[in-house]
**Student:** 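Below: one structure in structure tokens.
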Amino acid sequence: MSYSLTLSPVRLSDDDNRDPDRENDTGTITKTAPKTKRPSLYKVLLLNDDYTPQDFVVWLLEAIFHKSRDQATDIMMHVHVHGVGVCGVYTYEVAETKVAQVLELARRNEHPLQCTMERE
Ligand code: TYC
């Protein structure tokens, strides 16, 4: 048994919902790209200062960014030496929440630690 893919044209009025996979209603099956977009990603950046204790920064990187002790120490030292460093990359709302958590912990512990986010 063999089947043909060519279908008779069908007339649709303008406001009928057309099947996006049936081009020109000639029965030709085409692929339609999925209408999903990947979300923009944001780097959460930690800024150096002269007053926040190094062990507080390491603790915060473990607690908020789920870094190991070694990873947290590397990031803290990078920020200490270069002035700024990336703690992680997240979607907008997650990055925004991490920044707020860092600033709240710094404020509660009376450290001047600053944190911001930047689109990748
Ligand atoms: N520079 C600080 C000190 O020597 C340590 C520090 C590191 C502070 C990273 C902030 O984001 C920071 N005590």
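As the structure lists them, so they are numbered: ligands from 1, and atoms in each ligand from 1. Values below: all heavy atoms of this structure, side chains included; hydrogens, waters and symmetry mates excluded.
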**Student:** Can you find a side-chain donor-acceptor pair between Asp70 and Thr73 that sits under 3.5 Å?
**Tutor:** no

**Student:** Using a strict 4.0 Å cut-off to heavy atoms of Val79, name the atoms of ligand 1 that fall inside it.
**Tutor:** 9 (C), 11 (O), 12 (C)

**Student:** Show your working on side-chain contact (heavy atoms from CB on, under 4.5 Å) between Leu45 and Met117 and close with a plain yes or no.
**Tutor:** CA-CA 6 Å; Leu45 302 173; Met117 59 194 269; over 6 Å; no

**Student:** Report the C-alpha separation of Glu118 and Lys43 in whole Å, then their side-chain angles, then the decisive distance to 0.1 Å, and conclude whether the salt bridge (charged side-chain N to carboxylate O under 4.0 Å, His left out) test is met.
**Tutor:** CA-CA 5 Å; Glu118 183 178 276; Lys43 294 181 282 197; 3.4 Å; yes

**Student:** For the residue pair Lys98 and Tyr90, establish whether any side-chain heavy-atom pair is separated by less than 4.5 Å.
**Tutor:** yes

**Student:** Is the closest side-chain heavy-atom distance between Leu113 and Val102 below 4.5 Å?
**Tutor:**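 Yes, their side chains come closer than 4.5 Å.
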
**Student:** Note the single closest protein heavy atom to atom 6 (C) of ligand 1, along with its residue, its atom name and the distance in Å.
**Tutor:**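 Here the closest protein heavy atom is Asn48 OD1, 3.4 Å.
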
**Student:** Can you find an N/O atom of Asp50 closer than 3.5 Å to an N/O atom of ligand 1?
**Tutor:**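 No; the residue has no nitrogen or oxygen that sits under 3.5 Å from a nitrogen or oxygen of the ligand.
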
**Student:** In terms of atom number and element, which parts of ligand 1 are under 4.0 angstrom from non-hydrogen atoms of Thr52?
**Tutor:** 2 (C), 3 (C), 5 (C), 6 (C), 8 (C), 13 (N)

**Student:** Given the side-chain rings of His111 and Phe56, with only the six-membered ring counted for Trp, is the space between their centroids under 6.0 Å?
**Tutor:**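 For His111 and Phe56, the ring centres are under 6.0 Å apart.
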
**Student:** Which atoms of ligand 1 are found less than 4.0 Å from any heavy atom of Leu46?
**Tutor:** 11 (O)

**Student:** State whether the shortest distance between N or O atoms of His80 and N or O atoms of ligand 1 falls below 3.5 angstrom.
**Tutor:** yes

**Student:** Any atoms of ligand 1 less than 4.0 Å from a non-hydrogen atom of Leu113? List them with their elements.
**Tutor:** 10 (C), 11 (O), 12 (C)

**Student:** Among all protein non-hydrogen atoms, which one is nearest to atom 2 (C) of ligand 1, and what is the separation to 0.1 Å?
**Tutor:**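 Ranked first by proximity to atom 2 (C) of ligand 1 is Asp49 O, 3.2 Å.
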
**Student:** Does the N or O separation between Leu47 and ligand 1 drop below 3.5 Å for any pair?
**Tutor:** yes

**Student:** Does Phe65 reach the side chain of Val86, with side-chain heavy atoms less than 4.5 Å apart?
**Tutor:** no

